[in-house]
Protein chains: 2
Amino acid sequence: MDKKTTIRDVAQRAGVSPSTVSRVLNPHAAVHMRPATRERVLEAIRELRYTPTKSAQRMRRQRGDIIGVLLPDISNPYFSLLARGAESIAFEEGYSTLICDSNHSVERESRYLDLLMAEQVDGIVFVPVGTPDWQRIQRLRDQGVRIVAADRCQDRLLGVEADNWHGSHCLTQHLLSLGYRQIAYIAGPLEVRTTQERLRGFQDAMRNAGLDPIVIRHGAYTFDSGYQLASEVLAGHSVDALMGGDDLVALGAMRAAESLGIDVPGQLGITGFDSVPLLSLIHPALTSVRIPVYEIGRESMTLLVRHIGTTDSPGDPTVLPVELVPGSSCRQCKEPSPRLDSSLTSSPHDRGGD
Amino acid sequence: MDKKTTIRDVAQRAGVSPSTVSRVLNPHAAVHMRPATRERVLEAIRELRYTPTKSAQRMRRQRGDIIGVLLPDISNPYFSLLARGAESIAFEEGYSTLICDSNHSVERESRYLDLLMAEQVDGIVFVPVGTPDWQRIQRLRDQGVRIVAADRCQDRLLGVEADNWHGSHCLTQHLLSLGYRQIAYIAGPLEVRTTQERLRGFQDAMRNAGLDPIVIRHGAYTFDSGYQLASEVLAGHSVDALMGGDDLVALGAMRAAESLGIDVPGQLGITGFDSVPLLSLIHPALTSVRIPVYEIGRESMTLLVRHIGTTDSPGDPTVLPVELVPGSSCRQCKEPSPRLDSSLTSSPHDRGGD
DNA sequence: ATGAAAGCGCTAACAC
DNA sequence: GTGTTAGCGCTTTCAT
């Protein structure tokens, strides 16, 4: 097992001092040096295949070149797309990313915040599970760690999110314009910010139309939860449309309707939320709201990187536009309502993924 | 911005020397100490909320507590499940994971190998894109970095993979037992090991049955590629079954058949491979082979952790069993063939996810 | 324009 | 049992 090549090896080989090598590596130190010297050093570096050791740099500089990405579940395509967006920017900017999976657990989330602290990250792109541990957040900040909330903004944090309220509002109006009236809503966990916003958008649109929801239920953002709750709702209430808190829930609802022999969209309209790429392959195509989640990742990281080394500030959330995606899980047009708001933002911040 | 709390602060507060604090933190150093002292130190740590700085430890110990996970695309649910499996073990074992996304690019992969080297990782769970950069791999090994190939084994590396050959063989036999005879295969990239294995399984089964494939085509593991190639194949050949290299490709094929007005499974049987959770929601349900990918992640990491600090050895790949998942994308039973191999392994290593 | 020297926070000999 | 000491590999004054 070889000995690690150090800056001294390079120095020796180039016939200079370690500090000179360091200066070649960190041009920001802006001193002028004889081109011949620099050249000799560069050559030695190449010959020895020298790579500076991150932990030593970090130790000396007190933090450097690493950013944490903390999210609830990397195996969820929604979050992994977000992570990928964030990572792409970080990589461009020369940062390493430490992706951490809190597994929807606030406790694990806190453990990871500690870990990120110990790793001396420069900043964190943070998708919180419910209400985060503010004490830890504060401690991180005191250490100068910048934090940007992604997808689920928090009052005291810089953040980037989608316009969930607007998306949900439009979606509801869309349903109404199609003639649906007896609408039930199967929401996600109440403590999650996006759940709240979507619910508000729905309720506001209903109120505007002078209607009341048939019923609102809460569950997890999973297929099973959607299936379960939809079955109950369909058994106990007379509804003509079911709105899911996200696409998975809506899909669960779709299968529930199917197994009850209810025709979609004939007897029942169904809507989702998120419009994750894979799900667009489902049949019948889900009426949903596309969230530019890859872009949320990129934008959060961009904001974070710009923010690092700058004075800390709370700042307003950046809100990214969403897009209504009509599908065949609702009837196509019927009984158009007079008060349709068609000011749907057609996002310039689109996908961008590859 | 607060000053970092160091081991000396703790020492001072507890009225002991830094080394004593260090000994409390690293019990493996196994010296006995007066319980009272240990208690005072622990209390000081608690009061000061002290966390040892990773980079300092790493520097001193020459590497520690960090493992890289390098894969082709974190936004692909297949790989993100693998990552999650790997991470879950690492977390249990007290390692941080550095998840890196090579974006299907060998060049980016090499860059990340360098980065992982600079980060002084203890080991790497590695899902290679095609043929890896052996020179870099060798350099990493020379530094004592252990590497385990996951999902796509490599000759000179320890590895964990699924029994792709067997899965593909069974799948083909399944098709044959259903009476399908004119079978075309739409494979993934030839340089990927799993592609090769699946192809071999298919070809061997066909040969055994005394049949020739109608045609074999290669493309990417994407929906679009599947759609494109399936359209071409269906236009130019008379086939009664289409096998996709993975589920996404099969899905593309399904949509291609649909848009050509071909009935599935009436006129055409379709099969996939992987059986990623989300896709099971598709309709008609894809006949596929379930790969325990979460388990591949866990197993690779387990192997890696056990391997760290041990002498390096090549070793045979660990092969995990797969499971045939019959679906409605093929006709149900017909013209049963006499030579069906029904020795399908029903995996004890199942999902395990939450 | 370059070198010498002093640590960053921690651990591991080696003393006592 | 516990303290003292000497660095790990790097950056950064401060000299020259």
Side-chain angles (χ1 to χ4, degrees), chain A residues 1-42 44-45 48-66 117-120 122 143-144, chain B residues 1-42 44-45 48-66 117-120 122 143-144:
Chain A
M1 174 169 149
D2 304 7
K3 192 83 204 63
K4 224 232 167 276
T5 317
T6 79
I7 203 171
R8 308 180 74 115
D9 301 329
V10 178
Q12 196 157 16
R13 173 125 191 159
V16 296
S17 78
S19 13
T20 303
V21 178
S22 176
R23 283 194 271 263
V24 172
L25 262 36
N26 307 27
H28 70 89
V31 274
H32 288 305
M33 49 192 321
R34 198 177 295 127
T37 316
R38 139 174 280 109
E39 208 34 73
R40 245 180 318 134
V41 171
L42 285 173
I45 290 180
L48 265 37
R49 287 199 176 73
Y50 167 73
T51 323
T53 303
K54 291 280 188 191
S55 53
Q57 295 187 310
R58 231 163 256 160
M59 167 115 119
R60 188 54 240 238
R61 304 209 272 236
Q62 302 287 64
R63 115 178 338 125
D65 301 350
I66 186 158
M117 180 119 138
E119 291 284 359
Q120 299 178 95
D122 297 299
Q143 300 297 324
Chain B
M1 173 168 150
D2 303 8
K3 190 86 204 60
K4 228 247 165 256
T5 320
T6 82
I7 203 172
R8 311 179 73 113
D9 300 329
V10 179
Q12 197 157 16
R13 173 124 189 159
V16 296
S17 80
S19 18
T20 304
V21 178
S22 176
R23 286 197 193 66
V24 172
L25 261 36
N26 307 27
H28 71 90
V31 273
H32 288 305
M33 49 190 324
R34 197 176 294 130
T37 319
R38 145 174 275 109
E39 208 34 72
R40 248 183 314 138
V41 170
L42 285 173
I45 290 180
L48 266 38
R49 289 203 176 69
Y50 167 73
T51 323
T53 303
K54 291 280 188 189
S55 54
Q57 294 187 311
R58 228 161 260 159
M59 168 114 119
R60 187 54 241 238
R61 306 210 271 236
Q62 299 291 63
R63 109 178 347 123
D65 301 350
I66 185 159
M117 177 116 139
E119 292 283 359
Q120 300 178 95
D122 298 299
Q143 301 298 321

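A, B, ... follow the sequence lines: proteins, then strands. Residue 1 opens every chain. Side chains included, hydrogens not; waters and symmetry mates left out as well; all remaining heavy atoms used.
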Distance, rounded to the nearest Å, where Gln120(A) contributes CD and dG9(C) contributes C1':
9 Å
Protein-nucleotide distance (Lys54(A), atom NZ; dC8(D), atom C1'), rounded to Å
18 Å
Nucleotide-resolved protein contact map, nucleotides 10-16 of chain C, B/S/- at heavy-atom distance under 4.0 Å
BBBB---
Find out whether Arg13(B) and Val10(B) are in side-chain contact, i.e. whether some heavy atom of one side chain is under 4.5 Å from a heavy atom of the other.
no
Once you round it to whole Å, what is the distance between P of dT2(D) and NE2 of His32(B)?
12 Å
Select base, sugar-phosphate, or nothing to describe what Ser55(B) touches, counting heavy atoms under 4.0 Å on all strands.
nothing
Distance in angstrom units between Gln62(B) CD and dG7(D) P, rounded
14 Å
Answer with base, sugar-phosphate or nothing: what part of the nucleic acid does Met33(A) contact at a heavy-atom distance below 4.0 Å?
sugar-phosphate
Whole-Å gap separating P (dT12(D)) and CZ (Arg58(A))
15 Å
Whole-Å gap separating P (dG9(C)) and CD (Glu119(A))
16 Å
Quick check: do Met33(B) and Val24(B) have side-chain heavy atoms less than 4.5 Å from each other?
yes
Can you find a pair of side-chain heavy atoms, one from Ile45(A) and one from Leu25(A), that are under 4.5 Å apart?
yes
Report yes if some heavy atom in the side chain of Thr53(B) is under 4.5 Å from a heavy atom in the side chain of Gln120(A); otherwise report no.
yes
Within the 4.0 Å heavy-atom criterion, would you say Lys3(A) contacts the bases, only the backbone, or no part of the nucleic acid?
sugar-phosphate
Does atom CD of Gln143(B) have more than 12 heavy-atom neighbours, drawn from other residues, nucleotides or ligands, at distances under 6.0 Å?
yes
Can you confirm whether Thr20(A) sits close enough to Ser17(A) that some side-chain heavy atom of one is under 4.5 Å from a side-chain heavy atom of the other?
yes
